[in-house]
Amino acid sequence: MSILIDGSTRVIIQGITGREGMFHTRQMVEYGTKVVSGVTPGKGGQRVDGIPVFNTVSEAVGTTGATVSAIFVPPAFAADAIMEAADSGVSLIVCFADGIPTLDMLTVSHYLKKKGVKLIGPNTPGIISPGKCKIGLMAGYIHKEGSVGIVSRSGTLTYEMVYQLTRRGIGQSTCVGIGGDQIIGLSFVDFLELFEQDSNTEAVVLIGEIGGTAEEGAAEYIRKRVTKPVVSFIAGRTAPPGRRMGHAGAIISGGRGMAVEKIRALEEAGARTVENPADMGEALADVLRGNEG
Amino acid sequence: MKIHEYQAKEILKQFGIPVPHGGVAQTPGEAREIARQIGAGKTMVKAQIHAGGRGKVGGIKDASSPEEVETAAEEMIGMRLVTAQTGPEGKKVRKVLVEEGLGIEKEFYLGVVLDRARACPVFMASGQGGMEIERIATETPGRVLMEHVDPSVGLRPFQVSRLAFGLGLNQAVMGKARSIFAGLYRAFYAKDCLLAEINPLVLTSGGELVALDAKMDFDDNALYRHGDISGMRDLFEEDPLEVEASRYNLNYIKLNGSVGCMVNGAGMGMATMDLIKLAGAEPANFLDLGGTANVETVKNAFKILLSDKNVRAILINIFGGILRCDTIAKGVIEASRDVGVDIPVIIRLEGTNVEEGRRFLDQSPLDLVVAVDLKDAAEKVMEVLERPSSRGGNG
């Protein structure tokens with residue numbers, strides 16, 4: 001089992017004829033993802049590795065019955081691409097663009113709520129249910145099918161965690177990046193809920209970072225609703241205030257969003273936090289062995 | 001992106017918000033001339049730097065004649081202001097804002113910021129103007145008025161009413177207040193701000209509402225559609241190494257430690273800084289190479305890190321996924337040879353083709369210390385710092 005995507009998920013790629021879109025489409029298809037069509041306005045009728053390209057998302061969805069759209073269009077056009085997908089019948093959108101204007105995302109966020117469509121990202125490495133389906137930028141082979149769910153604000157830290165787990169023989173149910181921007185779609189809480197409901201997920205890893213209060217929200221939810229063990233790492237204890245640390249959302253402002261507060265909240269909620277990212281895998285192995293301490 | 005007070009006031013003026021009469025000067029002579037044109041008795045001279053807390057350290061002065069303005073400007077221009085927000089190195093004053101002095105009856109705080117969790121702007125107002133909003137919130141909890149704005153309909157008149165009546169403004173200034181509140185919200189949205197703040201908005205003894213100080217922070221992601229705003233960027237306010245790094249499209253933030261780091265990914269970048277600290281050293285920087293760590297990006301990163309004379313060792317921490325470790329290793333070797341790296345480099349590679357990558361590094365004649373995992377990397381950083389330094393011991 002897994003959350004949101006599995007072996008039968010049918011995916012379209014917006015921006016399939018671009019450099020990034022084409023590269024990652026190939027990687028995804030190679031991993032076994034069912035990419036059924038692509039969209040690039042003005043290039044309808046072409047094919048990319050045999051995958052039909054359409055001018056609009058509604059054509060692509062209507063013709064191929066896709067339920068998920070993966071968006072590889074540049075930041076300036078990505079907000080519109082998300083809304084087009086939401087208006088065309090898919091139920092889940094994954095948007096990779098890094099650099100969408102924040103205020104555009106406010107419009108997108110409210111539009112998606114009205115449409116009842118879920119969004120992962122933007123500025124996300126995507127989502128993978130190992131052995132079944134990959135809609136993301138991650139190297140597929142480092143993953144192993146299993147029962148640990150990973151939700152993270154960071155791409156490379158997720159890869160790091162996956163690698164540490166896989167090397168210990170511990171597999172993953174689903175790994176997902178929620179995105180590094182200020183305004184994002186599905187949150188830590190949404191994924192914690194999905195992992196809690198997923199019968200094949202036994203433990204959850206939550207990787208957070210400075211900025212905003214998403215981790216505090218997650219801690220509150222863990223305290224109230226999550227029965228599965230949670231292991232957590234928060235990046236940015238040494239980050240200076242007022243500076244954006246690579247991710248648009250990673251900023252301590254007005255004394256809020258500091259790592260220490262997030263770590264404290266998660267610990268108080270019963271999550272196991274690790275200080276050194278090198279210890280993430282071991283901490284999880286420990287938790288699976290039944291040692292909570 | 002941040003701008004100066006005088007620039008923020010120019011923008012607010014475009015949105016119909018009254019600001020004091022005045023102008024910006026780069027020399028004491030210009031300052032005197034502006035004071036003469038304003039012709040007011042009391043005149044304010046305000047240092048223009050990208051940091052608050054100026055008043056307490058001599059960055060804001062009042063004068064009663066153009067000659068006094070000139071003297072004040074002479075003292076201020078060229079001086080290094082160290083405020084609570086600048087850090088110990090302070091910021092050099094290059095411009096002053098010369099403005100008419102106003103008789104102040106009352107001060108208010110107005111600000112529009114983003115509420116990340118609710119995905120909407122929030123308009124905040126308080127009757128305790130003149131201090132930072134964080135302090136206002138701590139000192140008068142529950143007294144900061146807030147209106148969350150539905151971005152699809154914008155700030156509604158009824159919300160402006162709640163704010164204006166909530167501040168206890170009287171009927172005589174209600175119309176002016178409404179136009180200022182609406183103007184600030186429009187400015188926030190039209191210019192893609194992350195923060196638009198008037199602090200304080202003052203009620204003058206003449207019954208006018210005037211923006212006495214203003215602060216704006218813009219969304220870097222939206223600068224491409226605001227040529228006027230990008231043109232306001234003041235490179236003098238930024239660290240020279242950060243400016244250079246931005247030319248190479250590197251995400252670099254200078255810190256004060258002695259261990260430089262070079263990482264792929266923002267989260268991993270922060271985690272690597274944390275790791276250096278855990279090992280007992282201080283990180284010299286944050287640097288995210290981005291998704292493509294090729295020879296060129298690594299070379300540029302080396303150049304930036306080596307320009308920081310406090311850096312005594314460099315830690316490279318890269319997780320190779322689709323980009324293979326052997327390719328990264330070759331890139332690092334080539335870049336460090338070309339750039340002539342003269343300090344120890346600890347490199348920790350993990351991921352695709354890692355064995356081959358490590359073999360390349362081990363065989364290289366360069367002073368590359370290969371770490372097998374994150375723990376080992378931290379230990380090796382400490383080991384090399386204990387060696388006698390080739391760059392003098394100012395770490």
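Hydrogens, waters and symmetry mates play no part in the numbers below; they use all other heavy atoms, side chains included. In what follows, chains carry the letters A, B, and so on, assigned in the order in which the sequence lines appear, proteins first and then strands, with residues in each chain numbered from 1.
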**Item:** Interface moiety of A/I183 toward chain B, non-hydrogen atoms closer than 4.5 Å
**Value:** side chain
**Prompt:** Side chains of A/T102 and B/D219: is there a donor and an acceptor less than 3.5 Å apart?
**Reply:** yes
**Prompt:** A/I100 versus chain B, heavy atoms under 4.5 Å apart: side chain, backbone, both or neither?
**Reply:** backbone
**Prompt:** Do B/D274 side-chain atoms and A/G236 backbone N/O form a donor-acceptor pair below 3.5 Å?
**Reply:** yes
Side chains of residues 188-195 of chain B: which donor-acceptor pairs under 3.5 Å do they make with residues two or more places apart or in other chains?
unit_1: B/K191; atom_1: NZ; unit_2: B/D228; atom_2: OD2; d: 2.7
unit_1: B/D192; atom_1: OD1; unit_2: B/R225; atom_2: NH2; d: 3.1
unit_1: B/D192; atom_1: OD2; unit_2: B/R225; atom_2: NE; d: 2.9
unit_1: B/D192; atom_1: OD2; unit_2: B/R225; atom_2: NH2; d: 3.2
unit_1: B/D192; atom_1: OD2; unit_2: B/H226; atom_2: NE2; d: 2.7

**Prompt:** What are the two closest non-hydrogen atoms of B/G351 and A/Y141, and how far apart are they?
**Reply:** C-OH, 3.5 Å
**Contacting moiety of A/M138, where chain B heavy atoms sit under 4.5 Å** = backbone
**Request:** Go through the atoms of B/V354 and report whether side chain, backbone, both or neither lie under 4.5 Å from a heavy atom of chain A.
**Result:** side chain
**Item:** Shortest non-hydrogen separation from A/A235 to B/M270 and the atoms involved
**Value:** CB-CB, 3.9 Å
**Message:** Is A/I184 close to chain B through its backbone or its side chain, or both, or neither, when contacts mean heavy atoms under 4.5 Å?
**Reply:** neither
**Request:** Give the C-alpha distance, both sets of side-chain angles, the deciding distance and a yes or no for side chain to side chain contact (heavy atoms under 4.5 Å, CB included) between A/D279 and B/K375.
**Result:** CA-CA 9 Å; A/D279 297 334; B/K375 273 222 166 85; 2.4 Å; yes
**Request:** Could you walk me through whether A/Q164 and B/E350 pass side chain to side chain contact (heavy atoms under 4.5 Å, CB included), step by step?
**Result:** CA-CA 10 Å; A/Q164 288 182 20; B/E350 197 58 88; over 6 Å; no
**Request:** Would you mind checking which part of A/H247 comes under 4.5 Å of any heavy atom in chain B, side chain (CB onward), backbone (N, CA, C, O), both or neither?
**Result:** both
**Request:** Inspect the contact between B/K277 and A/E275 and indicate whether a charged nitrogen and a carboxylate oxygen are less than 4.0 angstrom apart.
**Result:** no
